[in-house]
Amino acid sequence: MVRTVKWTVFAISFATAVYSTGSALIIARAGALNGIDQLAAAGAAETIAGLAFCVAGLLALWKLWIGAIFHGLNFLWCSAVAAAYGDVTVWLWCGVAAVLCAVSLLTGWRQRKRQMVSLHSP
């Protein structure tokens, strides 16, 4: 069960990272080419969020709770970016990061609870 959750969290994180980083680089390039500083900055900030999704997914494969911490930090970063630039798509990424953080935490808690029960059984 835990292995399945780890791979699912990784797959969703990686898919989100690919999409968000790709679209953010397009936005940043358009802002840089047209001399729109705010658009270039928004693209750069969204690129950081996309890379954070990739790192959090990789860390979730190693330790689920560390991936949950990174997804939580990415949620905070995405919220700040979405609020600063008013980008609706980034709010969607906030939701993805929050769900992945919650799933990772819940699975880690259930795994720890099962290990505690097995330690106390005769």
Side-chain angles (χ1 to χ4, degrees):
M1 164 86 180
V2 174
R3 186 177 307 178
T4 305
V5 171
K6 283 183 175 185
W7 282 100
T8 303
V9 167
F10 168 73
I12 293 171
S13 295
F14 192 74
T16 306
V18 168
Y19 175 76
S20 62
T21 304
S23 66
L25 289 174
I26 292 170
I27 290 170
R29 184 173 187 262
L33 289 176
N34 295 319
I36 306 170
D37 294 333
Q38 185 175 2
L39 196 59
E46 291 174 19
T47 302
I48 292 170
L51 294 175
F53 269 115
C54 190
V55 169
L58 288 171
L59 288 174
L61 284 177
W62 177 52
K63 294 278 187 185
L64 202 54
W65 64 272
I66 295 176
I69 291 170
F70 270 79
H71 279 299
L73 292 173
N74 196 19
F75 169 75
L76 294 174
W77 175 256
C78 288
S79 298
V81 170
Y85 296 107
D87 193 349
V88 178
T89 307
V90 181
W91 284 117
L92 178 66
W93 299 340
C94 290
V96 172
V99 167
L100 291 174
C101 179
V103 166
S104 298
L105 287 175
L106 182 63
T107 304
W109 175 74
R110 287 183 66 201
Q111 180 186 17
R112 184 169 182 250
K113 185 177 171 183
R114 286 184 183 162
Q115 287 176 348
M116 296 288 280
V117 170
S118 66
L119 289 175
H120 296 297
S121 62

In this structure, are over 12 heavy atoms from other groups packed under 6.0 Å from Trp7 atom CH2?
no

Nearest heavy-atom pair of Val9 and Ala60: which atoms, and what distance?
CG1-CB, 3.8 Å

Are Trp65 and Leu59 in one and the same hydrophobic cluster, where Ile, Leu, Val, Met, Phe, Trp and Tyr link if side-chain heavy atoms are under 4.5 Å apart?
yes

So which residues get pulled into Leu39's cluster when ILVMFWY side chains under 4.5 Å apart are joined, directly or through others?
Ile27, Ile36

Heavy-atom pair with the smallest gap, counting every atom of Ala68 and Ser104
CB-CB, 3.5 Å

Which atom pair, heavy atoms only, marks the closest approach of Val81 to Ala45?
CG2-CB, 3.7 Å

Greater than 12 external heavy atoms within 6.0 Å of Phe10's CZ
yes

Can you list the residues that meet the side chain to side chain donor-acceptor pair (under 3.5 Å) rule with Ser13, with sequence neighbours excluded?
His71

Tell me, with the steps shown, if Tyr19 and Phe53 meet side-chain contact (heavy atoms from CB on, under 4.5 Å).
CA-CA 11 Å; Tyr19 175 76; Phe53 269 115; over 6 Å; no

Check step by step if side-chain contact (heavy atoms from CB on, under 4.5 Å) holds for Phe70 and Val55.
CA-CA 8 Å; Phe70 270 79; Val55 169; 4.1 Å; yes

Considering non-hydrogen atoms only, spot the tightest contact between Ala49 and Cys78 and give its length.
CB-SG, 3.7 Å

As a quick check of understanding, evaluate side-chain contact (heavy atoms from CB on, under 4.5 Å) for Trp91 and Ser79, giving each step before the final call.
CA-CA 7 Å; Trp91 284 117; Ser79 298; 4.2 Å; yes

For the residue pair Ala32 and Ala40, what are the closest heavy atoms and their distance?
N-CB, 4.0 Å

Which residue pairs pass the side-chain hydrogen bond (donor to acceptor under 3.5 Å, both in side chains) test when at least one of the two sits in residues 36-56, sequence neighbours left out?
none

Hey, could you give me the CG/CZ distance between Leu61 and Arg3, rounded to the nearest 0.5 Å?
11.0 Å

Hey, what do you get for CD1 (Ile69) to CG (Asn74), rounding to the nearest 0.5 Å?
13.5 Å

Please answer: with hydrophobic residues joined when any side-chain heavy atoms are less than 4.5 Å apart, are Leu100 and Val5 in the same cluster?
yes

Linked, directly or transitively: Val99 and Trp77 (ILVMFWY side chains, under 4.5 Å)
yes

For the hydrophobic clusters of this structure (ILVMFWY residues joined by side-chain heavy atoms under 4.5 Å, transitively), does one cluster hold both Phe75 and Val103?
no

Are Tyr85 and Val96 co-members of a hydrophobic cluster defined by side-chain heavy atoms under 4.5 Å apart?
yes

When every non-hydrogen atom of Gly50 is compared with those of Ser20, the smallest separation belongs to CA-OG, 3.2 Å

